[in-house]
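Quick notes on the structure that follows.
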Amino acid sequence: PNHPSVASSYNNIGNAYSNMGDYPKALSSYEQALKIQLQSLPRNHPSVASSYNNIGNAYSNMGDYPKALSSYEQALKIQLQSLPPNHPDVASSYNNIGNAYSHMGDYPKALSSHEQALKIQLQSLPRNHPSVASSYNNIGNAYYNMGDHRTALLFCTNAVQIAQKVLPLTHPHLQVIKRSLERAKQKL
């Protein structure tokens, strides 16, 4: 009952519930996976970090950003112990932390986290990777929310330029990034 494969199954069940929009059931499955992992794996195992990220995503989807932030920070702490510092998963955790801060209205902390994510991504991913575009967009949104619309425009422009090269024109992420750019343009 405490085998890591059982934990993987609980994580998969949580993903299915999350995809169906049933975030409380997803959270319950993710917490069960974490409970098993903490019994069967070292506490700093990357799979444990992954479960904390999943739990954070469930809380975020339910609008509980302080709990999401706490889970994302726990995931990052583990990743910094178990992965190279420029690993893309570390960047993802910084982005998750930035998004939580943004939802809570702390845009300077959101900006700092998103900048850290971008720094890592530029070391570990191709410059035209969709995650790089997302980070540019997140940074642009942070500047926008802090009232620096000119800087927001620069970052959102970079995001759109990358996204248009690597995503289909109908891709939802490209549409989100384009809306951020248009919003920044309207403030100038």
Side-chain angles (χ1 to χ4, degrees), residues 11 15 18 30 44-61 65 68-146 148-185:
N11 262 324
N15 289 338
S18 183
Y30 294 144
N44 65 345
H45 193 279
S47 294
V48 175
S50 203
S51 285
Y52 277 113
N53 258 324
N54 289 341
I55 289 168
N57 289 337
Y59 278 125
S60 182
N61 287 326
Y65 303 113
L69 177 62
S70 177
S71 292
Y72 293 146
E73 287 174 335
Q74 188 63 34
L76 177 63
K77 180 180 171 186
I78 292 166
Q79 289 168 335
L80 290 174
Q81 295 171 9
S82 61
L83 298 173
N86 65 343
H87 193 282
D89 288 353
V90 175
S92 291
S93 286
Y94 277 114
N95 259 329
N96 289 340
I97 288 167
N99 289 336
Y101 277 125
S102 185
H103 283 295
M104 293 188 295
D106 192 337
Y107 304 116
K109 285 186 179 174
L111 176 62
S112 177
S113 292
H114 290 311
E115 287 174 335
Q116 187 64 32
L118 179 62
K119 179 181 171 187
I120 293 167
Q121 289 167 337
L122 291 175
Q123 294 171 11
S124 60
L125 298 172
R127 290 197 179 275
N128 63 346
H129 193 279
S131 294
V132 173
S134 289
S135 287
Y136 276 119
N137 190 59
N138 290 339
I139 291 169
N141 286 334
Y143 277 114
Y144 179 89
N145 288 322
M146 292 188 297
D148 186 346
H149 302 117
R150 214 167 276 295
T151 305
L153 181 64
L154 292 173
F155 279 94
C156 290
T157 299
N158 281 343
V160 168
Q161 287 173 345
I162 294 168
Q164 285 179 327
K165 290 177 187 171
V166 297
L167 297 174
L169 291 177
T170 57
H171 196 282
H173 290 138
L174 176 58
Q175 301 309 314
V176 167
I177 291 169
K178 282 183 171 181
R179 280 194 297 276
S180 295
L181 176 61
E182 291 306 314
R183 187 177 70 154
K185 282 181 179 177

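Counting begins at 1 with the first residue of the sequence. Because the structure is predicted, anything quoted here is derived from the model rather than measured.
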[atom2] on [Y] to [atom1] on [X], rounded to 0.5 Å:
X: S113; Y: L118; atom1: OG; atom2: CG; value: 12.5 Å
X: S92; Y: H87; atom1: OG; atom2: NE2; value: 9.5 Å
X: S134; Y: H129; atom1: OG; atom2: NE2; value: 9.5 Å
X: K109; Y: I97; atom1: NZ; atom2: CD1; value: 11.5 Å
X: S112; Y: D106; atom1: OG; atom2: CG; value: 10.0 Å
X: L80; Y: N44; atom1: CG; atom2: CG; value: 11.5 Å

>> Between Y65 and S60, is the side-chain contact (heavy atoms from CB on, under 4.5 Å) condition met? List the steps.
In response: CA-CA 5 Å; Y65 303 113; S60 182; 3.6 Å; yes
Quick check: closest heavy atoms across [X] and [Y], and the distance to 0.1 Å?
X: A75; Y: A49; answer: CB-O, 3.3 Å
X: S135; Y: Q121; answer: OG-OE1, 2.5 Å
X: A91; Y: A117; answer: O-CB, 3.4 Å

>> I'd like to know if the side chain of T157 reaches the main chain of L153, judged simply by a donor and an acceptor atom lying under 3.5 Å from each other, with no hydrogens or angles considered.
In response: yes
>> Using only atom types and a distance under 3.5 Å, with no angle test, would you say the side chain of S124 pairs donor to acceptor with the backbone of N86?
In response: yes
>> Could you check whether atom NE2 of H173 has more than 12 heavy atoms from other residues, nucleotides or ligands sitting under 6.0 Å from it?
In response: no
>> Is it true that, when you exclude K178 itself, more than 12 heavy atoms of the residues, nucleotides or ligands shown sit nearer than 6.0 Å to its NZ?
In response: yes
Going by heavy atoms in the side chains, are [X] and [Y] under 4.5 Å from each other?
X: L167; Y: P130; result: yes
X: S102; Y: N141; result: no
X: I120; Y: P85; result: no

>> Could you walk me through whether F155 and Y143 satisfy the ring-ring contact (aromatic ring centres under 6.0 Å, His included) test, starting with their C-alpha distance in whole Å, then the side-chain angles of each, then the deciding distance to 0.1 Å, before giving a yes or no?
In response: CA-CA 9 Å; F155 279 94; Y143 277 114; 5.7 Å; yes
> Any chance the rings of Y94 and H114 have centres within less than 6.0 Å?
Replying inline: no
> Can you name the one residue among N15, N57, N11 that meets side chain to side chain donor-acceptor pair (under 3.5 Å) with Y30?
Replying inline: N15
> Which is it for R127 and V132 under the side-chain contact (heavy atoms from CB on, under 4.5 Å) test, yes or no, and what are the steps along the way?
Replying inline: CA-CA 7 Å; R127 290 197 179 275; V132 173; 5.6 Å; no
> Does the distance from a Lys or Arg side-chain N to an Asp or Glu carboxylate O, for E182 and K185, drop under 4.0 Å?
Replying inline: yes
